[in-house]
Amino acid sequence: MEKLEFGTDGWRDIIADRFTYRNVARCAQAYAEHLVEAGRSSVAVGYDTRFGGEHFARLAAEVMAANGLTALLSATYVPTPALSFAVAHHGAGGGVMLTASHNPPQYNGLKLKGSYGGTATDDIYRDVASRVQDIGDDRVRRAGGSGSVEVVDMRPAYYQGLMELIDIEALRTLRGTLVHDSMGGAAGGWLSGFVRFAGLEVRVEQLRKRSDPLFHGVNPEPLPSNLALTIARAREGELLFAAATDGDGDRLGLVLPGGRFFNSHQIFAVLLDLMGRRGQRGKVVKTFTVSRLIERLARARGLEVVETAVGFKNIVERMLAGDVLIGGEESGGIGVAGHIPERDGIANTLLVLEALVGSGDGLERLFDSLEREADWRHAYDRADLHLQSAADGGAVLTALADPPATVAGRQVSSVETRDGVKLNLGEDAWLLFRASGTEPLLRIYAEAASDEEVQALLAEAKRFVARLPA
């Protein structure tokens, strides 16, 4: 039997290589056994726009039913947050989402959801990952059980949930054009559909709305390198802003009028500010890769900051413990109080619209004011180096056990190893090396006081990696 590796958010592999019907059935059987032993009776199942998604999801649902569970199967492709919301709305014991999120088109994957309607915790993933390694074809149940497969439209309940999260009356005052680039992914049509559902006057212009398993020739991750079309549109004419969601709709990046990219850290800051203006308080949870701007802004407002390893499951564990206002990660996933404990690119787009209404000055000026409040100049970037294997990433981290004394002329003041190796360069800069948990990449993150210094740090980091023995 093939060993299946579960990373920061589920299992991902290349379609027709290790991502096969046989292995999907094994994972479904493992999760079914986990649910049955936990006394659960139902599970929600969804899929995105990747190759074979509908068929993989149907197979997973049939395995669940054969194990005596009621499988609530999405009627069509669905964004991950809508699948998560369906888990909570229907009182299901958990959820299965067939998606590889932001990974390149040749990948598919399987994310698990807890009964609370959000990313599965580490305990759930550990149990399922352990079970699947011992499951062969003879143990997979495919028919004959007492369960059933029920096809469900997950859109109406999710839209109603958004109505309760957003200040709809504030959004009713808004006019203008919102551009939504769904990158061929599962969120295509969902923002425009909500605007119609809520009776808003905002016009939604859709880019790359057509579902496409090849994501219109780019990786479905909302980063500037994949958003040339969106940036060009933002330079053309009037708009409120452009929202770009990833392959399964749980991550968000923005492009401002004029074409400037507004990254996940900036979105995090804007949403943190919005929660405060609503009079809400609580802990601010950030992953190891998030800008220091967030902790400085939170502390300026008397809010406790909690830092976790990378992976939204780590944020979810804190959210389930209670008293969390907002939690987010560098990759564009942010969850807020009052909603499901889940990343949600659609909900966060609407919250940014609400923040825009309340600011009166536009997102750029609002963010400038937050920088001044935090006494922090935000300059940040990430480089992804392709690896031949996961072992290559481990070799880099091993080499950093004896870290350099300086990087690009900056003294290394301390080293942190919560997730990867972070070299702190005084109070206003840092450089982090970390192996991706979803694909064979070494990710290098840098933050400093200027864009020029960030690029110098990344260049020096790449040279360090290139000098290592092959």
Notebook entry, point to check: Which residues satisfy the ring pair (Phe, Tyr, Trp, His ring centres under 6.0 Å) test with Phe262, sequence neighbours excluded?
Noted result: Phe367

Notebook entry, point to check: Taking only residues two or more places apart in sequence or in another chain, which ones pass ring pair (Phe, Tyr, Trp, His ring centres under 6.0 Å) with Phe19?
Noted result: Trp11, Phe56

Checklist line | Sequence-distant partners of Thr70, side-chain hydrogen bond (donor to acceptor under 3.5 Å, both in side chains), two or more places apart | finding: none

Would you say [Y] and [X] are linked by a side-chain donor-acceptor pair, where the criterion is simply a distance under 3.5 Å?
| X | Y | result |
| --- | --- | --- |
| Asp344 | His339 | yes |
| Arg50 | Asn108 | no |
| Arg318 | Thr308 | no |
| Tyr445 | Asp381 | no |
| Asn263 | His378 | yes |
| Glu342 | Thr119 | yes |
| Asn67 | Glu33 | no |

Are [X] and [Y] close enough for a salt bridge, meaning some N to O gap below 4.0 Å?
| X | Y | answer |
| --- | --- | --- |
| Asp451 | Arg377 | yes |
| Glu304 | Arg299 | no |
| Arg172 | Glu201 | no |
| Arg277 | Asp273 | yes |
| Arg58 | Glu54 | no |
| Arg131 | Glu37 | yes |
| Asp368 | Arg372 | no |
| Glu329 | Arg343 | yes |
| Arg301 | Glu373 | yes |
| Glu447 | Arg292 | no |
| Glu205 | Arg233 | yes |
| Asp123 | Arg126 | yes |
| Glu354 | Arg278 | yes |

Are the side chains of [Y] and [X] in contact, using a 4.5 Å heavy-atom criterion?
| X | Y | answer |
| --- | --- | --- |
| Leu112 | Tyr125 | yes |
| Phe261 | Ser225 | no |
| Thr245 | His180 | yes |
| Leu353 | Leu240 | yes |
| Arg434 | Val310 | yes |
| Thr349 | Leu252 | yes |
| Asn219 | Asn103 | no |
| Val78 | Tyr47 | no |

Check: Only one of Arg382, Lys286, Arg251 forms a salt bridge (Lys or Arg N to Asp or Glu O under 4.0 Å) with Glu330, so which one is it?
Finding: Arg382

Donor-acceptor contact present, side-chain [X] to main-chain [Y], <3.5 Å:
| X | Y | value |
| --- | --- | --- |
| Ser130 | Asp127 | no |
| Asp246 | Asp250 | yes |
| Lys113 | Ala44 | no |
| Asn314 | Ala309 | yes |
| Gln206 | Gly189 | yes |
| Arg208 | Gly184 | no |

Interatomic distance, [X] atom [atom1] to [Y] atom [atom2] [nearest 0.5 angstrom]:
| X | Y | atom1 | atom2 | result |
| --- | --- | --- | --- | --- |
| His90 | Ser42 | NE2 | OG | 9.5 Å |
| Phe215 | His102 | CZ | NE2 | 11.5 Å |
| Leu325 | Met319 | CG | CE | 9.0 Å |
| Arg235 | Ile231 | CZ | CD1 | 6.0 Å |
| Ser211 | His216 | OG | NE2 | 7.5 Å |
| Leu214 | Gln106 | CG | CD | 9.5 Å |

Margin query: Can you confirm if the aromatic rings of Tyr159 and Phe197 lie within a centre distance of less than 6.0 Å?
Written below: yes

If I compare all heavy atoms of [X] with all of [Y], which pair ends up nearest, and what's the gap?
| X | Y | answer |
| --- | --- | --- |
| Ala71 | Ala61 | CB-O, 3.6 Å |
| Ile315 | Gly327 | CG2-CA, 3.9 Å |
| Ser264 | Ser331 | OG-N, 4.3 Å |

Next item on the list: Look at the rings of Tyr380 and Trp430 and say which category their plane angle falls in: under 30° parallel, 30 to 60° tilted, over 60° perpendicular.
Entry: perpendicular

Check: Would Arg40 and Ser115 satisfy side-chain hydrogen bond (donor to acceptor under 3.5 Å, both in side chains), going step by step from the backbone distance to the final call?
Finding: CA-CA 9 Å; Arg40 307 297 188 178; Ser115 59; 3.3 Å; yes

Check: Stepwise, does the side chain to side chain contact (heavy atoms under 4.5 Å, CB included) test hold for Tyr31 with Ile124?
Finding: CA-CA 9 Å; Tyr31 190 43; Ile124 295 173; 4.3 Å; yes

